[in-house]
Amino acid sequence: MTTQQTEELAKAYVPGEFEHAIYERWLAADVFAPDGAGSAADWALPPFVIIQPPPNVTGSLHLGHAQRTTVEDLMIRHARMLGRPALYLPGLDHASIAAQFVLDGILAREGESRATLGRERYLERMRAFVAETREVILTQQRRVGGSCDWGRLRFTMDEVSARAVRESFLRLYRKGLAYRAEALINWCPGCRTSVSDLEVIPTPETGTIWRVRYHLLDPSTGAPDPAATITVATTRPETILGDTAVAVHPDDDRYASLVGRRVRIPFVDRDVPVIADPVVDPAFGTGAVKITPAHDHDDNDTGRRHGLAMPTILDDAARVANTGTAYDGLDRYEARTAILADLAARGDLAGEQPHEMVIGRCQRSDDVVEPRLKTQWFVRTAPLAEAALEATRSGRTTILPERFEKVWEHWMTNIRDWNVSRQLWWGHRIPAWYCPDGHATVSAEPAGPPACETCGRPSADLEQDPDIFDTWFSSGLWPFSTLGWPDRTDDLRRFYPGSVMETGYDIVFFWVARMMMLGIELAGDIPFHTVYLSGLIRDPYGKKMSKTRGNTVDPLGMIDGMGADALRFALVHGTTPGNDQRFGGAKVENARNFANKLWNATRFVLGARPPTIAGDAVRETPDAALLGPADRWVLSRAAGTVAAVDRALADYAFGEVSRLLYEAIWNEYCDWGLELAKVRLADERRSAAEREATWWALVEALDTYLRLLHPLMPFLTEQLWGVLPHRATDPALLVVARWPGVGERDETAEAEVGALVELVRAVRNARADATAEPRAWLPLDVYVEPELGDALEALRPAIERLARARPLRRHVTREALHGIAGAAGGLSVIAGAAEAIVGLGAGDEGAPAADRARLEKELAEAERLLEAARARLANEAFAAKAPPAVVEGARAREAELADQVDRLRARLGR
RNA sequence: GGGCGGUUAGCUCAGUUGGUCAGAGCGCCUCGCUUACACCGAGGAUGUCGGAGGUUCGAGUCCUCCACCGCCCACCA
């Protein structure tokens, strides 16, 4: 250990103080790249690859990111310490619509807009904006401690990605998996683009349902019959202008005679048929529905079934257009008002009533989404989804937690074709070119095809599709586009498929589903073996955090105050995959305290180094023969923790990992390990070699705990590990040190020390209850069962100190203990295999009474438990049906309780 | 209309395959500035594990139903 490091440790723990320096050391050592100079990767082992959702290039870190990064980083660091080539590839998403939304907001404040700038200047502006913001989120990820391979940083708009996008689309097109068609899409009038089904948020609203009379035509004259009408119910009167039929249910007797007749649509004076279709619910409204195929999903289906015309009556801004009526140019809602007034004037408005309905709003702008006919590019999802489903059903890809497989299954089975065209500017331009005759040619060449592949017209006559791809199209290629696909690069061979893809459950469909479908289809294999879904971070009231709500917590502020390690620990502690967590400052404080505890424990261990060991001594494995029970206990508990942590990690139970380490470090190592060692290190009766062994045991266990904790609290553990004596084979940095192997347990030591710890606890307990002078040294008479004798002697000084017992007298039989003078006036302690009497000093007159009350209480409890245990054993069915081990356990428990009851009764003089 | 999750100490949450599982942190109460740590130490109190049935020798832990809370999916005008 260097002088500087020693000085560092002499100080109190200041959260985060050393984090930057540590991160710089990692970078300098080039340990994050699996093939970096400082890499510990053993290429004989299978690589481990984390797929990270690339954050938006315009974004800044929120707690969700921090949690994401923590979990991903935890896994990658663990894998790295196992020696596996570990790839954690960082990236950024261009976030097409989200980025445009942000930039449009900025432009609006400057009095500019997409329209005033035009496409080229807008994109220039966007590139400049993105150049400004891109480092923000990356820097923030570093502050959280993400051990990403920065040399492999990718952006969904970089050339590698662009090439993959073009190539993918071409391949899909060639296989008939991408097609261009006029179909009803979701149009956001605010964003002026189509959006996917997923981006339409069904929003409950109280609207109005109007009843409108349509006039039937006289079959003979073809003129409207003022007396014969059919009343339809609608929530959208403005779409009357686009009606091309009225539908009723085929079995509806009320309307049976009208089917086949024609009605005149008001204002546009279009004559349309009355049709029969089972989609109509006779019980709803009037049982007759107006059909607007170009502006309603149901109606569109109906229109297709019946071969109806589909006039579009709204433009990009959702204004009425091309109807040849006076409503042209009016906004859809203005038109609604006008039409209602006109209908009323005609006497054709038959009534209205409030109506609870669900309306689709744009996820981004909150505008009411308008279903609209448009010619767009679609990805045919059915075959892709089938393959994705096969992957999860066969278990080649596992979704965690399991319950999400059901959701996955349901969504994938009912998936609709994916509209990938967006009428935006920031994104990958669709690589399709059209000739004047309307033939489409798809090409992976940036410059486009040399000629129309249908009619051979030269490229000069071709025009590229102005639209861009849905941002999730390029994200969907992420697991392989980032590795250089379509080239068969080394990276692609080594790192595809990935191991674990981690993300929040809220983007399973947006992203995970697309990666699965496109990965299997284009890269020829599943993109990852495991999908780990995290829960969402909520505010202390359980509300989703959002900027508009103003309840976001700035993770950087947390890191500044409490340290990245504490934040990471808090984000994982007490959580389970897929379950949301409420997040408050108390958790981080607790984690900070834990960090502080570990810091001070390390400080103590270093300071307790026996003078016979040099400050720069190379690590020694303590000689087993020199170790006492406490030392062996410390080592055995560390070994037990390794095994438990390994199990939890294998189960992706990261909350459990944090719990195990918190408990092992704080409640075992610090509370008892160090306390016992303090006395033993100072015990002059022990040889120098023995004391050295005790110290080495402390170092050994601490080293193990630091390694186990490193994936969760990387900065702190790196800092502390740096000052511990190392073995010659250890690397310079913990980040690339080896994960601990599972050591041997020492059952004897665990049992012995466990029993003595119980004894000390019981003595403290008795003393506290009896309100005896807390600080006084009181005589303690002890009886322990013979097999604990040696351990008691070995730990005698420690027990004396921890129980504040002086003198400590050991009795070889229980009778001898009970027979001591002063037994009656002392406090009785019964702790499993040990029993003791605490002698009382003057000033404790009230103690015997308090002690008696405590014993009575203990007795009552023991009797209750004994009774329950006996009742269980008395049940013949239990003995007959329960596994022998359980029955045996119950018998042992009964015997133990019976013994305890006997002893308590004896002490109470019964 | 389907589906999923939650309902465990005052608060926030753990409880992997049913058998010392009734826990943790925070908060609260009583002590203690003992030479790693007051970001600490010692001790303590608090729950019929949402309700009702059922399966089982045995159920927070499995099944059924119900009640709230939340989420996802869904073309009723």
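So that the names make sense, note that chain A is the first sequence line, chain B the second, and so on, each numbered from 1. This is a predicted model, so every value here is computed, not measured.
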Provide the distance between the two [atom1] atoms, one in [N] and one in [M], to the nearest whole Å.
| N | M | atom1 | result |
| --- | --- | --- | --- |
| B:C63 | B:U56 | P | 16 Å |
| B:G23 | B:A9 | C1' | 10 Å |
| B:A24 | B:U46 | P | 13 Å |
| B:G60 | B:G6 | C1' | 13 Å |
| B:C21 | B:G5 | P | 26 Å |
| B:C4 | B:U12 | C1' | 23 Å |
| B:A42 | B:C69 | P | 43 Å |
| B:C62 | B:G18 | C1' | 7 Å |

Kindly point out which of [options] is positioned nearest to the side chain of [X]?
| X | options | result |
| --- | --- | --- |
| A:A601 | B:A77, B:A36, B:C73 | B:A36 |
| A:E896 | B:C33, B:U20, B:C57 | B:U20 |
| A:R582 | B:C37, B:A77, B:C13 | B:C13 |
| A:E675 | B:U34, B:A36, B:C73 | B:A36 |
| A:A768 | B:A77, B:G19, B:G43 | B:G43 |
| A:D281 | B:C72, B:C33, B:C76 | B:C76 |
| A:R416 | B:C75, B:C37, B:C73 | B:C75 |
| A:R761 | B:G25, B:G43, B:C73 | B:G43 |
| A:N765 | B:G44, B:C57, B:U20 | B:G44 |
| A:H355 | B:A36, B:C57, B:A77 | B:A77 |

Strictly below 4.0 Å, N to O, side chains only: are [X] and [Y] in salt-bridge contact?
| X | Y | answer |
| --- | --- | --- |
| A:E758 | A:R761 | yes |
| A:E656 | A:R659 | yes |
| A:E861 | A:K857 | no |
| A:E675 | A:K678 | yes |

Scan [X] against the nucleic acid and name what it touches under 4.0 Å (heavy atoms): base, sugar-phosphate only, or nothing.
| X | answer |
| --- | --- |
| A:A653 | nothing |
| A:G607 | nothing |
| A:Y13 | base |
| A:P883 | base |
| A:V605 | nothing |

Among A:D296, A:D243, A:D299, A:T244, which residue satisfies the side chain to side chain donor-acceptor pair (under 3.5 Å) criterion with A:K290?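 With A:K290 as partner, side chain to side chain donor-acceptor pair (under 3.5 Å) holds for just one option, A:D243.
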Pair partner, [N] [Watson-Crick or wobble, under 3.5 Å]:
| N | answer |
| --- | --- |
| B:C68 | B:G6 |
| B:U30 | B:A42 |
| B:U16 | none |
| B:G1 | B:C73 |

Between A:P577 and A:P15, which is nearer to the 5' end of RNA chain B once each is assigned its nearest nucleotide?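 The answer here is A:P577.
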Contact nearer the 5' end of RNA chain B, comparing A:E356 with A:N596: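 Per heavy-atom nearest nucleotide, the more 5' residue is A:N596.
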Output yes when at least one side-chain N/O atom of [X] is less than 4.0 Å from OP1 or OP2 of [N], else no.
| X | N | value |
| --- | --- | --- |
| A:R592 | B:C39 | no |
| A:K678 | B:A36 | yes |
| A:H573 | B:A14 | no |
| A:W666 | B:C39 | no |
| A:N593 | B:C40 | yes |
| A:K597 | B:G41 | yes |
| A:T235 | B:A77 | no |
| A:R872 | B:G19 | no |

Whole-Å distance between [N] [atom2] and [X] [atom1]?
| X | N | atom1 | atom2 | value |
| --- | --- | --- | --- | --- |
| A:F878 | B:A59 | CZ | P | 12 Å |
| A:K881 | B:U56 | NZ | P | 8 Å |
| A:R764 | B:G44 | CZ | P | 11 Å |
| A:R767 | B:G44 | CZ | P | 14 Å |
| A:R538 | B:C71 | CZ | P | 7 Å |
| A:E589 | B:C37 | CD | P | 20 Å |
| A:L716 | B:C39 | CG | C1' | 13 Å |
| A:D506 | B:C71 | CG | C1' | 11 Å |

Using the glycosidic torsion, which applies to B:G32: syn (within 90° of 0) or anti (everything else)?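 Anti for B:G32; the angle lies over 90° from 0.
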Relative to the ring of A:Y705, is the ring of A:Y669 parallel (under 30°), tilted (30 to 60°) or perpendicular (over 60°)?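 The arrangement is perpendicular - the two ring planes meet at more than 60°.
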Parallel, tilted or perpendicular: rings of A:Y13 and A:W599 (30°, 60°):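 A:W599 and A:Y13: tilted rings.
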Cation-pi check for A:Y662 against A:K597: NZ or CZ below 6.0 Å from the six-membered ring centre and within 45 degrees of the axis, yes or no?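 Because its charged atom misses either the 6.0 Å distance or the 45° angle limit, A:K597 does not stack over A:Y662.
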For A:N300 and A:R304, which I'm curious about, is there any donor-acceptor pair between the side chains at under 3.5 Å?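 Yes.
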Do the side chain of [X] and the base of [N] come within less than 3.5 angstrom through a donor-acceptor pair of N or O atoms?
| X | N | value |
| --- | --- | --- |
| A:Q581 | B:A14 | no |
| A:K406 | B:C4 | no |
| A:R403 | B:C4 | no |

Can you confirm whether or not the ring centre of A:W408 sits under 6.0 Å from the ring centre of A:F404?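 Distance test on ring centres: not under 6.0 Å, no.
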